[in-house]
Structures are given as C-alpha cells and as structure tokens.
Amino acid sequence: MSTQEANLNLLHEGCRELRIPIDARQEQQFMRHYTTLTEWNQRINLTSIVQPEAVQTLHFLDSLTVANVLPVGVLQNGRVLDIGSGAGFPGIPLKIAFPGIKLELIESTAKKVKFLYHLIDHLGLDGVEVRLGRAEDLANNPKLRERFDVVLARGLAKMAALAELTLSFLRPGGLLVAHKKGDINQELTDATKAIKIMGGKPATLRDVCAPGLKDGRVLVVVEKVSPTPVGYPRRAGLPAKQPIG
C-alpha cells in the first residue's frame with residue numbers, strides 16, 4: 001500500500017470531531033475496506049469515488065455521521081439495517097466503529113452482494129448479514145418486518161419513496177436516518193403523507209459537521225410511532241414510480 005493510501009489523517013481528524021474513537025485494529029479495517037473497494041471497483045462499478053482523501057471524507061466520514069443521531073444503546077448492540085448498501089455505505093464503516101451493532105445489509109445487485117460478502121470476510125466482521133433482493137419484497141419477511149432499531153439509507157430515493165421502502169422494517173420507536181444534500185424542503189413536504197401512512201412522525205433535520213463534508217449535507221431523521229399498515233410497501237417499483245401523495 002502506498003504512503004498516500006496508508007495516510008488516514010482525514011479519517012482521524014473527522015472521528016475526533018465526531019467524537020468517535022478508533023483503535024489500531026479499526027484503522028486497519030478501514031484501510032482494508034479502502035483497498036478492497038478499489039480492487040473490486042476495477043471489475044464492477046461500485047463507486048466513482050476512489051481517491052484516498054475522497055474515500056475517507058465522502059464515504060467513511062459521511063457514513064459515520066449517523067452515529068451522532070443514534071441512541072447510545074443502538075451503538076452498543078442495536079439492530080441496524082442498511083438498505084441499498086452498494087459498496088457497504090453507510091453500514092460497514094458504522095459497524096467497524098461500533099462493533100457491537102447487529103448489522104444487516106440489503107442490496108438488489110448480485111455482483112455487489114458478492115463484493116459485500118467478500119468485504120465482510122476480509123475485514124473479519126462478526127454479526128453482519130447480507131440479503132439479496134428489493135426492499136419492497138423483503139419487507140414482508142417476518143424476520144425483517146418491524147424488527148430493526150435503525151434503518152439507514154444513503155442516496156437511495158427521494159423521501160416519499162424512501163419512507164415507503166424503509167419504515168416497514170422499523171419497530172415502533174425506531175429511527176430512519178437518511179443522508180441528503182442541498183435544499184430538500186420541497187422533497188420533505190412531498191413526503192409528508194407517505195411518512196404518516198407508513199407510521200412515522202414528521203421528519204427532522206440534523207446538520208452534518210465533519211471535515212470535508214460542510215457542503216450542505218444533512219441527515220433526515222424520522223421516528224416511527226405506529227405499525228406500518230398491511231399492504232405497504234406496495235409491489236416492487238411502485239414506491240418510486242407512483243410515490244404516495
């Protein structure tokens with residue numbers, strides 16, 4: 001590994017600002033995540049962000065910002081679901097930093113699922129499961145429906161569709177945390193009905209503050225307060241094509 005690749009100064013600086021301690025083993029896991037990502041990215045399209053500095057900020061730190069909105073109990077041993085995990089973001093960096101989390105990853109592309117299995121094995125992570133499929137279909141699995149403390153989604157869909165794709169996995173009292181960027185006021189307004197139908201409270205916004213990420217990023221947090229009605233989410237494709245409301 002080159003000196004440039006091995007330099008995790010940006011990650012360390014960001015973790016200090018986020019008040020997330022990482023030890024030598026965790027540092028090695030982040031480095032392995034980076035090298036595995038860049039190696040596999042030459043064969044399958046995982047990400048356009050591959051420069052070491054950009055991966056540290058736009059992937060690792062961006063993923064870790066969710067820790068600042070999660071209860072301590074979740075970070076210690078909560079059940080967390082990452083929908084549309086792709087190259088493992090945001091779920092894998094969060095699992096590295098908080099190994100007590102019980103993490104599940106949903107990804108609809110078989111090649112990316114293969115990468116995730118390899119990554120989990122290469123990093124030596126325990127308590128992680130990967131599921132191949134679409135959220136609309138997996139939401140009716142009794143082992144998954146309303147079983148999670150937190151659902152994470154990064155770049156998956158606009159909020160109206162996202163609410164339908166995610167909230168059915170949350171237990172009442174659980175949290176949806178979605179990464180967003182820019183002016184999303186209209187997007188949140190458009191999602192009001194969907195969030196309510198799916199059992200959520202109105203969304204709240206939390207600013208993202210970490211080195212390299214001060215560009216209008218926010219976390220959208222939705223608390224689930226009532227069970228999701230039977231019949232939701234609708235069949236695959238409908239939440240995005242015909243969003244509620």
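Being a predicted model, the structure only gives us computed values, none of them experimental. One-based numbering along the sequence shown.
How far CD1 of I49 is from OG1 of T47: 4.5 Å, rounded to the nearest 0.5 Å. Going from atom CG of N7 over to atom NE2 of H12 covers 8.5 Å, rounded to the nearest 0.5 Å. Atoms CD1 and CG, from I120 and L116 in turn, are 6.0 Å apart once rounded to the nearest 0.5 Å. Here Q28 contributes atom CD and D23 contributes atom CG; the two are 10.5 Å apart, rounded to the nearest 0.5 Å.
Put simply, I44 and L119 are part of the same group of oily side chains (I, L, V, M, F, W, Y) that touch within less than 4.5 Å, one to the next. Hydrophobic clustering keeps V221 apart from M198 (ILVMFWY residues linked when any side-chain heavy atoms are closer than 4.5 Å, directly or through intermediates). Note on L219 and V222: separate hydrophobic clusters, where clusters join Ile, Leu, Val, Met, Phe, Trp and Tyr whose side-chain heavy atoms are under 4.5 Å apart, directly or indirectly. Transitive grouping of hydrophobic side chains (ILVMFWY, heavy atoms separated by less than 4.5 Å) brings L18 and I101 into a common cluster. V113 and L152 end up in the same hydrophobic cluster when Ile, Leu, Val, Met, Phe, Trp and Tyr side chains are linked at under 4.5 Å.
Using a 4.5 Å heavy-atom threshold, the side chains of L81 and L105 count as separate. Side-chain contact between E13 and R16 is present, with heavy atoms from C-beta onward closer than 4.5 Å. For the pair T228/R145, a side-chain contact is recorded, criterion being any heavy-atom separation below 4.5 Å from C-beta on. Taking 4.5 Å as the limit, every side-chain heavy atom of I83 sits out of range of all side-chain heavy atoms of L165. A heavy-atom distance below 4.5 Å is found between the side chains of L64 and L11.
Taking both residues in full, the closest heavy atoms of L125 and V128 are given as CB-CG2, 4.1 Å, listed atom of the first, atom of the second, then distance. Considering all non-hydrogen atoms of both residues, L37 and A87 come closest at CD1-CB, 3.7 Å. Looking at every heavy atom in both residues, S63 comes nearest to P90 through OG-CA, 3.2 Å. When all heavy atoms of I106 and G133 are compared, the pair lying nearest together is CG2-O, 3.6 Å. The minimum heavy-atom distance linking A97 with I20 is given by the pair CB-CG2, 3.9 Å. Nearest heavy-atom pair, Y34 versus P52, reported as atom, atom and distance to 0.1 Å: OH-CG, 3.3 Å.
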Donor-acceptor pairs are to be reported for all side-chain atoms of residues 234-241 against protein atoms at under 3.5 Å, with residues two or more places apart or in another chain.
residue, atom, partner, partner atom, Å
R234, NE, E164, OE1, 3.4
R234, NE, E164, OE2, 2.9
R234, NH1, Q242, O, 3.1
R234, NH2, E164, OE1, 2.8
R234, NH2, Q242, O, 2.6

Show the atom names and distances, to 0.1 Å, of all donor-acceptor pairs under 3.5 Å that link a side chain in residues 67-80 to residues at least two apart or in another chain.
residue, atom, partner, partner atom, Å
R79, NH2, E104, OE2, 2.9
R79, NH2, K143, O, 3.1

Just list the side-chain donor-acceptor pairs under 3.5 Å for residues 166-183, sequence neighbours left out, or say none.
residue, atom, partner, partner atom, Å
T166, OG1, L162, O, 2.7
R171, NE, D149, OD1, 2.6
R171, NH2, D149, OD1, 3.2
H179, NE2, D62, O, 2.9
K180, NZ, A157, O, 2.6
K180, NZ, E187, OE2, 2.7
K181, NZ, D215, OD2, 3.4
D183, OD1, N185, N, 3.2
D183, OD1, N185, ND2, 3.3

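Applying the side chain to side chain contact (heavy atoms under 4.5 Å, CB included) rule to D126 yields no partners; only residues at least two apart in sequence or on another chain are considered. Residues meeting the side chain to side chain donor-acceptor pair (under 3.5 Å) test with E146, sequence neighbours left out: K224. Judged as a side chain to side chain donor-acceptor pair (under 3.5 Å), and not counting sequence neighbours, the contacts of T109 are E107. Applying the salt bridge (Lys or Arg N to Asp or Glu O under 4.0 Å) test to E39 and every residue at least two apart in sequence or in another chain returns nothing.
Note on residues 71-113: pairs passing ring pair (Phe, Tyr, Trp, His ring centres under 6.0 Å), not counting sequence neighbours, are H33-F89, H59-F89. Every pair tested for side chain to side chain donor-acceptor pair (under 3.5 Å) that includes a residue from residues 191-208 fails, sequence neighbours excluded, so the list is empty. Within the structure, salt bridge (charged side-chain N to carboxylate O under 4.0 Å, His left out) pairs that include any residue of residues 115-124 do not occur (at least two apart or interchain). Note on residues 84-102: pairs passing side chain to side chain donor-acceptor pair (under 3.5 Å), not counting sequence neighbours, are D82-S85. Within the structure, every pair that satisfies the ring pair (Phe, Tyr, Trp, His ring centres under 6.0 Å) test and touches residues 122-153, not counting sequence neighbours, is listed here: H118-H122.
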For this session: With side-chain contact (heavy atoms from CB on, under 4.5 Å) as the test, would you mind laying out the steps for L58 and R217 before giving the verdict?
Result: CA-CA 11 Å; L58 301 180; R217 293 169 190 253; 3.3 Å; yes
Exercise. Between R154 and V66, is a side-chain contact (heavy atoms from CB on, under 4.5 Å) present by the stated rule, with each step listed?
Worked result: CA-CA 11 Å; R154 183 175 182 255; V66 303; over 6 Å; no
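Side-chain atoms of Y117 never come within 3.5 Å of backbone atoms of K112 as a donor-acceptor pair (strictly under, hydrogens ignored). At least one donor-acceptor pair closer than 3.5 Å links the side chain of Q26 to the backbone N or O of I96.
Other residues, nucleotides and ligands place more than 12 heavy atoms under 6.0 Å from the CZ atom of R43.
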